[in-house]
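Down below is the structure, laid out as structure tokens.
Lettering follows sequence order; numbering is per chain, from 1. Computed from a predicted model, the values in this text were never measured in an experiment.
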Amino acid sequence: MKIATWNINGVRARIENLVAWLKESNPDIVCLQEIKCQDDAFPRLEIEALGYHVETHGQKGFNGVAILSKLKPDEVMRRLPGDEADEHARFMEAAFSVEGGAIRVASIYLPNGNPSNDPVKYPYKIGWMGRLEAYARERLALEEPLILAGDYNVIPEPHDCWDPKVWENDALFLPATRQAFRKIEHLGFTDAVRATTDGVPTYTFWDYQAGAWQKNWGIRIDHLMLSPEAADRLTSTVIEKHVRAWEKPSDHVPVAAYFSF
DNA sequence: ATGGCCGCGATCCGCGGA
């Protein structure tokens with residue numbers, strides 16, 4: 001099974017790329033982030049025509065996540081628990097039946113948090129990460145394959161960006177951000193790309209500005225975090241970097257993991 | 001690391017993104 005995550009940066013602006021990529025990549029499950037539309041505006045017909053079920057959790061103008069899947073999900077949960085007042089559409093989870101039991105996949109769009117000295121935005125990010133940790137801890141007790149896939153807006157290590165100096169004071173790389181990420185990791189989750197890559201992996205995001213793609217000024221912020229039961233079945237990962245060179249690209253590229261279920 | 005981007009939704013500018 002191939003499970004992918006892709007911050008698509010506007011699904012309506014990117015529908016041609018999405019269709020072309022689905023045909024080429026042929027993933028079984030796709031977690032999308034930043035669909036930037038409400039549920040009824042999602043271009044579902046084009047996706048369903050390729051044989052995918054479509055589940056969305058959108059909002060007007062920005063944020064929004066979706067899960068596309070060849071299998072029909074048994075259940076879908078929208079919203080990250082822990083704050084009823086949080087209106088941002090940044091989280092959904094779907095459960096699927098596979099041979100041997102259930103697997104769970106979450107599509108995560110973790111808050112950016114910049115500017116990092118903002119009295120609201122950065123604390124929102126850190127608070128959201130605490131809620132994610134609480135949810136992840138609870139889910140681990142199920143002892144099921146669980147894949148937390150998405151745009152974490154976290155650069156885990158210095159070698160996950162082209163120049164750590166540049167990112168020093170950025171919300172994506174501050175010590176408190178990386179610490180909150182490690183707290184989740186240390187519950188028992190495996191960073192799928194890190195676990196399957198010898199040496200330095202490539203990046204998953206290149207800014208639109210200043211020729212960042214051409215200069216390879218990238219960062220690795222899109223991650224698939226695996227519960228032990230999922231990590232046991234991990235066979236390989238791929239960062240589908242060539243998609244960044246397509247016409248009208250997203251600034252993120254798809255990242256996928258292969259499993260033996 | 002921003003002179004040089006991009007999507008969106010309100011209108012031909014502001015916000016959010018990373």
Side-chain angles (χ1 to χ4, degrees), chain A residues 5-19 21 31-43 46 56-66 86-91 107-129 149-178 180-181 201-223 239 241 243-255:
Chain A
T5 178
W6 190 13
N7 179 323
I8 195 150
N9 189 22
V11 70
R12 289 173 295 175
R14 213 77 60 207
I15 185 61
E16 285 182 30
N17 282 25
L18 179 57
V19 166
W21 173 72
C31 297
L32 295 178
Q33 300 86 37
E34 282 206 270
I35 62 171
K36 293 189 176 180
C37 66
Q38 287 171 315
D39 294 333
D40 57 10
F42 191 96
E46 293 90 326
T56 62
H57 178 40
Q59 73 179 91
K60 199 178 182 123
F62 60 111
N63 300 328
V65 290
D86 184 1
E87 297 294 337
H88 288 198
R90 297 180 173 277
F91 177 94
S107 183
I108 287 167
Y109 179 43
L110 208 145
N112 175 304
N114 278 310
S116 57
N117 60 0
D118 188 282
V120 175
K121 293 187 173 178
Y122 192 66
Y124 173 62
K125 176 178 191 144
I126 295 298
W128 205 95
M129 293 181 84
D151 176 0
Y152 279 72
N153 274 314
V154 174
I155 300 167
E157 300 295 336
H159 53 268
D160 291 317
C161 60
W162 64 279
D163 183 359
K165 267 274 168 235
V166 165
W167 295 92
E168 197 162 61
N169 297 311
D170 194 283
L172 278 62
F173 192 58
L174 282 179
T177 303
R178 295 168 57 200
F181 182 78
T202 183
Y203 307 128
T204 66
F205 168 91
W206 294 261
D207 201 293
Y208 288 121
Q209 295 180 75
W213 166 245
Q214 286 76 13
K215 295 173 190 159
N216 199 28
W217 288 356
I219 52 179
R220 191 176 75 91
I221 55 175
D222 299 274
H223 309 299
I239 298 176
K241 180 179 172 176
V243 172
R244 186 62 177 78
W246 287 0
E247 284 286 308
K248 221 169 169 283
S250 168
D251 39 10
H252 297 250
V253 297
V255 183

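Side chain of A:D170 to backbone of A:S116: no donor-acceptor contact under 3.5 angstrom is found.
Picking from B:dA18, B:dG17, B:dG7 the nucleotide with the shortest atom distance to the side chain of A:K121 gives B:dG17. Among the nucleotides B:dG17, B:dA1, B:dC6, the one closest to the side chain of A:W167 is B:dA1. For A:K60, whose side chain is taken as the heavy atoms from C-beta onward, the closest listed nucleotide among B:dG9, B:dG16, B:dG7 is B:dG9.
Between A:N9 and B:dG7 there is no side-chain N or O to OP1 or OP2 distance below 4.0 Å. Listed pair A:R12 / B:dG9 meets the phosphate criterion, a side-chain N or O lying under 4.0 Å from OP1 or OP2. Within the 4.0 Å cut-off from OP1 or OP2 of B:dG17, not a single side-chain nitrogen or oxygen of A:H252 is found. For B:dG7, the OP1/OP2 oxygens have a side-chain nitrogen or oxygen of A:K248 closer than 4.0 Å. Residue A:Y109 has no polar side-chain atom (N or O) positioned under 4.0 Å from OP1 or OP2 of B:dG16.
A:D251 and A:W206 share no side-chain donor-acceptor pair at under 3.5 Å. There is no side-chain donor-acceptor pair under 3.5 Å between A:N153 and A:K125.
For the P atoms, the distance linking B:dA10 with B:dC5 amounts to 25 Å, nearest Å. Taking atom P in both B:dA1 and B:dG16, one finds a spacing of 25 Å when rounded to whole Å. When the C1' atom is compared between B:dC12 and B:dG7, the two are found 16 Å apart, to the nearest whole Å. As rounded to the nearest Å, B:dA18 and B:dC13 have P atoms that lie 25 Å from one another.
In this structure, CG of A:N114 is placed 14 Å from P of B:dT2, rounded to the nearest angstrom. Rounded to an integer number of Å, the gap from A:D118 CG to B:dC15 P is 13 Å. Note: CD (A:E34) to C1' (B:dC6) measures 11 Å, nearest angstrom. A:I221 places its CD1 atom 10 Å from the C1' atom of B:dG17, with the value rounded to the nearest Å. Counting to the nearest Å, the C1' atom of B:dG17 and the CH2 atom of A:W206 are 17 Å from each other. Look at CD on A:E168: it is 17 Å from C1' on B:dA18, rounded to the nearest Å. Between the CZ atom of A:F62 and the C1' atom of B:dG16 there is a distance of 7 Å, given to the nearest Å. The interatomic distance linking A:D251 (CG) with B:dT2 (P) rounds to 18 Å, in whole Å.
Checking A:N7, A:D222, A:T5, A:N9 one by one against A:Q33, the side chain to side chain donor-acceptor pair (under 3.5 Å) holds for a single residue, A:T5.
Residue contacts for A:N7: at a heavy-atom cut-off of 4.0 Å it reaches the sugar-phosphate backbone alone, with no base atom in range. At a threshold of 4.0 angstrom between heavy atoms, the contacts of A:F173 with the nucleic acid are absent. At the heavy-atom level, A:N153 lies under 4.0 Å from the strands shown only through sugar-phosphate atoms.
The closest side-chain heavy-atom distance from A:L174 to A:E168 is not below 4.5 Å.
If you find the closest nucleotide of DNA chain B to A:R90 and to A:W217, the one lying nearer the 5' end belongs to A:W217. Annotation: of the two residues near DNA chain B, A:A210 and A:Q38, the 5′-most nearest-nucleotide partner is A:A210.
The pair A:E157-A:R178 meets the salt-bridge criterion, since a charged nitrogen lies less than 4.0 angstrom from a carboxylate oxygen.
Across the strands present, B:dG7 finds its partner in B:dC15; the criterion is a Watson-Crick or G-U wobble pair with both atom distances under 3.5 angstrom.
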